[in-house]
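Below is one structure, written out as structure tokens, with a few remarks after it.
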Amino acid sequence: MINITFPDQSVRQFENGITAMEIAKSISEGLARNVLSAKFNGLVIDSFKPIDSDGTLQLLTWNDPEGKATFWHSSAHLMAEAIESLYPGTKFGIGPDIENGFYYDIDLGEKSITLEDLTKIEQKMLELASQNQSFVRSEISKEEALKTFTQKGDEYKLELIDGLEDGKISFYHCGAFTDLCRGPHLPNTGHIKAIKLLSIAGAYWRGDEKRKQLTRIYGITFPKKKELDEYLVLLEEAKKRDHRKIGRELELFTFSQRVGQGLPLWLPKGAQLRERLENYLKRVQKDAGYESVITPHIGSKELYVTSGHYAKYGQDSFRPITTPYEGEEFLLKPMNCPHHCEIYKFKPHSYKELPIRLAEFGTVYRYEQSGELHGLTRVRGFTQDDAHIFCRPDQVKDEFKGVIKIVLQIFRALEFKNFITQISIRDPKNPEKYIGSEENWQRAEQSIIEVAQETGLDYIIEEGEAAFYGPKMDFMVRDAIGRKWQLGTIQVDYNLPERFELEYIGDDNQKHRPVMIHRAPFGSMERFVAVLIEHTAGKFPLWLTPEQVRILPISEKYHEYAEKVLTELKNYEIRATIDYRSEKAGRKIRDAEIQRVPYMLVVGEKEEESLTLSVRKQSEGDKGVMSIEEFAKSIDEEVRQAMVQ
RNA sequence: GCUUUUGUAGCUCAGGGGUAGAGCACUUCCUUGGUAAGGAAGAGGUCACGAGUUCAAAUCUCGUCAAAAGCUCCA
């Protein structure tokens, strides 16, 4: 007999060799129907795998992330089975589950596959799924595994097997399809009820751009048709929120071939929005003791040799600009920190002056591969809401906390309610990727983790994601439809102060090295605005939106009254316009709604006589009649609310 | 950068070896209206750019530029 501990800490005894599925059945048939796989002593296993020792067991269903992973991984096998039956001779690479669904990389040889073929594969998958095929695991020797795929002529699988240890190789069989796989899998394909193959793309074998490009098919599956439909609606919604589309519709920004790839042009309304964001942050930073500085867009190559960036990124940067006669070399600045270091060095500093916080909305230029450019989220010229804090080692944690406070304040003002922080530390396996002493790295990583714990933030730790000069904390928000975006960043840096030989005089009258904190709460203005557009679907918070109010006169007769209203609203610093077109009210409302104007004021005979307004709120409808003053005050109040710390 | 796909009016798109089409937007006129599209007329395009094939190219071929999806990359 073995003792099984359940998540609620209860313990029950079972026969040795019992499976998770049998345990589930002993609890309830309903549960057993929903079990996809199980977690035994922290390891996800097949629900049909015999258990032969004591341990803790969690039954996994669609509601568990690992349950979904099992579901999608098995779906990838099902797809491979369908592809093999439709396109015999196809070679298979890897087919894992991903955050939303799964993919399989395949090599079709001479054949190619089109979007229309996906429907065919979907049909086949549904047909195979409905046959309730069981997944069967078999453990085999390396030799046997190699033999199987040599016969099949599948060099990809052979390469994978080559990297595996003998004795730990398993195959999974599902219908006529056999695949090299660690598992775990669903008990059978019958769980898969709804299937959608989403896209076809090229993907390098093993992610290596020097190797062959395989065809990758992405798909997603669900246990219920309804869930698939909901997912497809979500995809549609994401398309509607695309910042590139909304940016054009709302006239926020554009690109021009003649100006160049990845170089955004901010249109008047977009510039207004961005300026408002900048002014907001400037005010917050001023209150937090930051000082503004301004530096040029280029810097001597020597500056970046000193900082170490040239050695690291020089090859993948825009080529240096040279002076015509002397041949001096300058780089478009890819970051602001070296300039700020030189500002720090302008004069000697006493420990009493620290921390010094230098802030600049600094525009930087980075060469990005053309295939990487994407709307405003990935560009070649962008403006960071950058600042560098120079402080004593004993001030690092407090300063770090101060930055976190600013980031959280911004998230509140912009209604990002869901976020987590990611702490990025070194990859212990690749120490050569980083510069600086072991001791400094340890101190920096330690401080960040302590700060996260002390401030009670939700955080995850990612190894190998640190910048080459120091560890960092990034803020990842979830937008209104659940997508994750990386925004602000805070980085601790002991290295640049050394490279630039930054110093301060301590209370012991000796020279000491300050610590630098790099931070950008928005990240970049371009990226932040893009995320804000997708988060709000273009319906910006009232304090931020370019046009807060549109006055809609019922007819020309009321233009004069509309102008009087406009003047009054301007006295309250409300941003309003008048729709003078000779269109009907319905038409003016429709257009204002589409352009996401938060408030519409319908003015006609009634309003003029009683000196009032008919207020309509965007996407909510008629809000009734108000006096001008009443309305202005309510707007003022709404804006003020958002600004409350 | 790589693979695939795409580029026709401001936007969304149809068409396609014999020199251009729709809807919306725009302009003018009519209409003066009450909570998501009033009516009419008009203007607007070297069919991304450059070469080639052809009697003839927006259409076919090649190259360049740009965009989309994915891969690789991201100080």
Side-chain angles (χ1 to χ4, degrees), chain A residues 103 105 112-115 198-218 239 242 244-245 248-249 251 254-262 304 307-314 316-317 333-338 364-375 377-380 382 384 386 435 465-470 472 486 489 491 493 495-496 518 520 524 527 552-559 581-595 600-607 614-625:
Chain A
Y103 67 79
D105 285 346
S112 66
I113 217 167
T114 65
L115 281 171
L198 297 161
S199 62
I200 306 175
Y204 302 109
W205 171 233
R206 310 207 102 173
D208 184 342
E209 59 183 316
K210 289 181 195 71
R211 306 196 61 178
K212 181 159 179 179
Q213 193 150 31
L214 306 178
T215 304
R216 175 171 295 181
I217 302 181
Y218 284 92
K239 227 183 253 176
D242 192 318
R244 294 166 297 184
K245 178 174 177 286
R248 186 168 52 233
E249 286 167 0
E251 300 185 1
T254 187
F255 290 88
S256 147
Q257 281 194 28
R258 198 167 278 145
V259 171
Q261 255 188 315
Y304 303 101
S307 71
H309 289 102
Y310 190 78
K312 180 86 180 168
Y313 293 103
D316 299 315
S317 295
K333 85 174 165 189
M335 80 285 297
N336 306 299
C337 23
V364 297
Y365 300 88
R366 296 178 184 176
Y367 170 76
E368 303 284 358
Q369 298 186 78
S370 59
E372 281 318 317
L373 301 172
H374 182 93
T377 59
R378 196 79 184 270
V379 287
R380 285 177 173 167
F382 57 96
Q384 294 177 314
D386 211 357
I435 59 173
E465 293 292 312
F468 74 95
Y469 52 76
K472 59 180 181 170
Q486 189 191 314
T489 181
Q491 309 176 357
D493 184 356
N495 291 302
L496 274 191
H518 308 241
S524 86
R527 190 179 161 77
L552 314 178
I554 289 292
S555 82
E556 273 169 29
K557 283 183 245 162
Y558 313 106
H559 281 183
R581 295 175 305 166
S582 65
E583 293 290 350
K584 292 189 183 179
R587 179 51 178 276
K588 293 183 181 179
I589 286 168
R590 181 183 147 84
D591 290 342
E593 285 279 348
I594 289 172
Q595 287 159 40
M600 288 149 266
L601 302 177
V602 180
V603 295
E605 193 180 354
K606 279 189 309 208
E607 291 79 9
S614 281
V615 179
R616 183 188 163 98
K617 192 164 183 185
Q618 201 261 347
S619 69
E620 287 182 25
D622 201 343
K623 291 283 167 186
V625 177

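Just so it is clear, the values below take in all heavy atoms, side chains as well, and ignore hydrogens, waters and symmetry mates. A quick note: this is a predicted structure, and the numbers were derived from the prediction, not measured. The chains referred to below are lettered A, B, ... by the order of the sequence lines, with proteins before strands, and numbering in each begins at 1.
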Mind checking A/Lys312 for me? I need base, sugar-phosphate or nothing, with any heavy atom below 4.0 Å counting as a touch.
nothing

Out of B/C73, B/U35, B/G34, minimum distance to the side chain of A/Ile554 belongs to B/G34

Could one point to a donor on the side chain of A/Tyr204 or the base of B/C2 with an acceptor on the other under 3.5 Å away?
yes

Which part of the nucleic acid, if any, lies within contact of A/His374, taking any heavy atom under 4.0 Å across all strands shown: a base, the sugar-phosphate backbone alone, or nothing?
sugar-phosphate

Return the nearest nucleotide to the side chain of A/Arg590; candidates are B/A37, B/A75, B/A66.
B/A37

Please work out if A/Arg248 contacts a base, only the sugar-phosphate, or nothing of the nucleic acid, heavy-atom cut-off 4.0 Å.
sugar-phosphate

Can you tell whether the side chains of A/Arg616 and A/Glu593 come within less than 4.0 Å, N to carboxylate O?
yes

In terms of the nearest nucleotide of RNA chain B, which residue is placed more toward the 5' end: A/Gly260 or A/Ala467?
A/Gly260

Let's test your reading of the model: under 3.5 Å, does the base of B/C74 pair with the side chain of A/Arg366 as donor and acceptor?
no

Using whole Å, what does the distance between atom C1' of nucleotide B/C71 and atom CD1 of A/Ile217 come to?
15 Å

From the set B/U32, B/A75, B/C73, return the single nucleotide nearest to any side-chain atom of A/Gln369.
B/C73

Please work out if A/Arg244 contacts a base, only the sugar-phosphate, or nothing of the nucleic acid, heavy-atom cut-off 4.0 Å.
sugar-phosphate

Quick one: A/Met600 CE to B/U35 P, roughly how many Å, whole number?
14 Å

Could you tell me whether A/Ser317 contacts a base, only the sugar-phosphate backbone, or nothing, with contacts defined as non-hydrogen atoms closer than 4.0 Å?
base

NA contact type, A/Arg616, heavy-atom cut-off 4.0 Å: base, sugar-phosphate, or nothing?
base

Within the 4.0 Å heavy-atom criterion, would you say A/Gln261 contacts the bases, only the backbone, or no part of the nucleic acid?
sugar-phosphate

Regarding the side chain of A/Tyr218, the nearest nucleotide among B/G70, B/A67, B/U35 is B/G70

Base, sugar-phosphate alone, or nothing: which one does A/Gly371 contact when heavy atoms must sit under 4.0 Å apart?
base

Among the candidates B/A66, B/A75, B/A36, find the nucleotide nearest to the side-chain atoms of A/Gln257.
B/A66

Taking the C1' atom in each of B/G45 and B/C2, what is the distance between them to the nearest angstrom?
34 Å

Counting heavy atoms from C-beta on, name the nucleotide in B/C71, B/A36, B/G33 closest to the side chain of A/Ser582.
B/G33

If you define the side chain from C-beta out and look only at heavy atoms, does anything of A/Arg244 sit under 4.5 Å from A/His374?
yes

NA contact type, A/Glu249, heavy-atom cut-off 4.0 Å: base, sugar-phosphate, or nothing?
nothing

Atom pair distance, as rounded to whole Å: NZ in A/Lys584 and P in B/A37:
10 Å

Residue set satisfying side chain to side chain contact (heavy atoms under 4.5 Å, CB included) with A/Ile554, at least two apart, ordered chain then number -> A/Tyr558, A/Ala585, A/Val602

Judged by each residue's nearest nucleotide on RNA chain B, which is more toward the 5′ side, A/Lys606 or A/Leu373?
A/Lys606

Assign A/Ser199 to base, sugar-phosphate, or nothing according to its heavy-atom contacts below 4.0 angstrom with the strands shown.
nothing

Heavy atoms from C-beta onward define the side chain here; which of B/G70, B/U32, B/G33 lies closest to that of A/Glu556?
B/U32

Would you indicate what A/Lys588 reaches in the nucleic acid, counting non-hydrogen atoms under 4.0 angstrom: base, sugar-phosphate, or nothing?
nothing

Looking at the side chain of A/Glu593, which of B/G34, B/A36, B/G33 is the nearest nucleotide?
B/A36

Closest listed nucleotide, where the reference is the side chain of A/Ser614 and the choices are B/G70, B/C73, B/G34:
B/G34

Assign A/Glu607 to base, sugar-phosphate, or nothing according to its heavy-atom contacts below 4.0 angstrom with the strands shown.
base

From B/G34, B/C11, B/A75, pick the nucleotide closest to the side chain of A/His309?
B/A75

